[in-house]
Number of protein chains: 2
Amino acid sequence: MLYAGVMSAALPPFPTPEESHDAPQLLQVAPSPEEPCLRADAARNRARLLEAAARLIAEHGVAGVTMEAVAAAAQVGKGTVFRRFGDRTGLLMALLDHSDRQLQADFLGGPPPLGPGAPALDRLRAFGVAVLYRSAEQLDLQLAAQPEPTRRFSHPAIGARRTHIAVLLRQIVPDADCDLLSQTLLASLDPALIHHQHRQRGMPMERLEAGWTDLVARVTRTEPPPR
Amino acid sequence: MLYAGVMSAALPPFPTPEESHDAPQLLQVAPSPEEPCLRADAARNRARLLEAAARLIAEHGVAGVTMEAVAAAAQVGKGTVFRRFGDRTGLLMALLDHSDRQLQADFLGGPPPLGPGAPALDRLRAFGVAVLYRSAEQLDLQLAAQPEPTRRFSHPAIGARRTHIAVLLRQIVPDADCDLLSQTLLASLDPALIHHQHRQRGMPMERLEAGWTDLVARVTRTEPPPR
DNA sequence: CAAATAAACGGACCTCGGTCCGGATCGTAA
DNA sequence: TTACGATCCGGACCGAGGTCCGTTTATTTG
């Protein structure tokens with residue numbers, strides 16, 4: 001389990017203030033237009049908390065990330081953790097934030113086929129594969145960071161992915177209900193599903209990758225790629 | 001919110017003993033071959049607990065279903081609740097058990113197009129629609145009964161549905177990776193997804209139904225039905 | 001019917017997520 | 001530099017899920 005990415009994600013002092021779980025923004029990419037910019041001590045504590053959480057994960061796994069433990073490790077009061085991140089999943093999602101932004105930057109402005117420049121169909125294929133492997137790398141954290149079912153699709157990062165898929169789909173199958181189809185496609189990349197297929201049913205990642213490619217071909221009614 | 005179905009589910013003294021959450025049986029239908037058959041007092045308490053839980057839901061919503069409250073309402077010790085149902089989700093899933101069996105009986109042996117007799121494609125369409133509306137009716141309970149991500153696909157009832165979809169798919173697109181496709185299709189019927197589309201994004205159920213029909217057509221590479 | 005054994009019971013107890021509010025700190029403006 | 005208000009901090013506190021184990025009860029066997 002390599003949590004190096006997670007560690008680095010903890011370092012930038014970008015604030016994700018406590019109001020982070022409602023803004024229905026469609027496409028986030030920068031640390032949001034202009035954050036209320038935390039007070040100096042708040043920003044410092046935020047960074048220490050993320051770092052402490054990452055350290056706890058590295059040492060004791062996700063299960064070891066107790067709100068009290070994180071607070072203690074960061075030498076901070078428990079209330080501070082909740083003030084900053086709202087709840088446990090908020091903290092864990094913040095740990096994934098860096099990697100979320102990375103992915104988003106890649107498919108919004110990175111090199112093809114993930115980024116713009118390639119045909120939409122190729123971008124869609126590449127997107128799924130990217131999400132697949134990214135999730136597989138951080139599966140434990142991804143699973144633990146899943147909020148209760150009611151909010152599972154409310155996270156901005158998820159919304160951004162859905163929108164991206166929908167945009168691509170509209171270029172390929174303009175007549176379809178792309179808003180709906182995009183959700184379905186995204187659901188097939190759910191970390192819990194990956195966990196079940198890969199770990200519980202033992203399917204190799206290559207098969208999941210092929211499954212995604214095939215699914216995209218079927219849904220778009222195009223020929224499967226030669227492989 | 002009609003919980004009549006739930007109430008009636010509480011009545012049959014069928015035991016679902018504490019070992020119910022691992023048996024990887026492919027198709028359950030009866031109350032399992034021969035349950036270890038609970039002791040008389042245990043069966044009685046089980047029934048009282050289910051009844052109490054259903055009553056609490058009817059009165060205070062799912063949020064009112066506290067393990068202690070259920071125990072108290074059933075005039076039983078808290079430990080007994082956990083012994084019987086393992087954990088909270090176990091209790092809530094037990095409440096859905098009756099409706100699960102009903103659905104299963106319908107698609108395994110009921111009248112077409114859900115049951116055998118109709119072409120596989122029609123059965124697949126009907127299956128999705130059935131699951132869709134059934135879930136919509138009990139959304140709150142369905143959402144609350146979702147276990148942590150790790151076990152979300154381990155429930156026997158889910159496995160049965162997956163298998164059923166896979167069987168149908170194999171008759172329609174024998175060359176596809178039906179085991180994988182079936183999971184994807186099932187994922188698009190996830191209660192959390194329905195909740196998000198229908199309640200949070202305001203899509204009418206008819207649109208979700210059309211979405212399923214369209215998805216099935218695309219995935220099987222068949223013509224969409226005339227409507 | 002009585003003794004023996006396995007199963008079930010109950011509730012005290014623990015942990016952990018989440019809340020609350022009096023007090024400390026930071027940023028700012030005079 | 002000082003004063004002031006907004007923001008933040010901390011940890012006591014609460015509720016609910018889950019565990020444990022001494023006690024009770026159903027069932028079986030002689």
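What you see is a predicted model, and the numbers here were worked out from it, not measured in a lab.
- Distance B/Leu56 CG to D/dA16 P: 12 Å, rounded to the nearest Å.
- Distance, A/Met67 CE to D/dA12 P: 18 Å, rounded to whole Å.
- Along DNA chain C, the nucleotide closest to B/Glu68 and the one closest to B/Ala42 are compared, and the more 5′ of them pairs with B/Ala42.
- Going from atom CZ of B/Arg46 over to atom P of C/dC9 covers 12 Å, rounded to whole Å.
- In this structure, A/Arg88 atom CZ and D/dA16 atom C1' are separated by 16 Å, rounded to whole Å.
- The distance between atom CD of B/Glu148 and atom P of C/dG17, rounded to the nearest whole Å, is 14 Å.
- Judged by closest nucleotide on DNA chain D, A/Thr80 is the one of B/Val65 and A/Thr80 placed further toward the 5' end.
- With a 4.5 Å cut-off on side-chain heavy atoms, B/Met93 and B/Phe85 do not count as touching.
- Residue A/Leu49 contributes atom CG, which lies 13 Å from atom P of D/dC8 at whole-angstrom precision.
- Distances shorter than 4.0 Å separate none of the side-chain N or O atoms of B/Asn45 from OP1 or OP2 on C/dA8.
- Between D/dG10, C/dG10, D/dA16, one nucleotide has an atom nearer to the side chain of B/Arg83 than all others, and that is C/dG10.
- Set against D/dC8, C/dG17, D/dG17, the side chain of A/Arg84 has D/dC8 as its closest nucleotide.
- The nearest whole Å value for the distance from the CG atom in A/Asp87 to the C1' atom in C/dC16 is 13 Å.
- At a threshold of 4.5 Å between non-hydrogen side-chain atoms, the residues B/His195 and B/Gln142 do not count as touching.
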Write down the protein N/O and nucleotide N/O pairs, taken from nucleotides 25-29 of chain C, whose separation is under 3.5 Å; answer none if there are no such pairs.
{"residue": "C/dT25", "atom": "O2", "partner": "A/Arg39", "partner atom": "NH1", "Å": "3.2"}
{"residue": "C/dT25", "atom": "O2", "partner": "A/Arg39", "partner atom": "NH2", "Å": "3.1"}
{"residue": "C/dC26", "atom": "O4'", "partner": "A/Arg39", "partner atom": "NH2", "Å": "3.4"}
{"residue": "C/dG27", "atom": "OP1", "partner": "A/Ala40", "partner atom": "N", "Å": "3.2"}

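- A distance of 13.5 Å separates CG in B/Leu96 from CD in B/Gln102, rounded to the nearest 0.5 Å.
- Ring geometry, A/Phe107 versus A/His164: the interplanar angle falls under 30°, so the pair is classed parallel (tilted spans 30 to 60°).
- Considering only heavy atoms from C-beta on, B/Gln146 comes within 4.5 Å of B/Asp190 through its side chain.
- Considering A/Arg152, A/Arg162, A/Gln183, A/Arg151 as possible partners of B/His196, the one that fulfils the side-chain hydrogen bond (donor to acceptor under 3.5 Å, both in side chains) test is A/Gln183.
- No salt bridge links B/Asp41 with B/Arg48; every basic N to acidic carboxylate O contact stays at or beyond 4.0 Å.
- Taking atom CG of residue B/Leu91 and atom C1' of nucleotide D/dA16, one finds them 14 Å apart after rounding to whole Å.
- Of the candidates C/dC13, C/dG10, D/dG10, the closest approach to any side-chain atom of B/Lys78 belongs to C/dC13.
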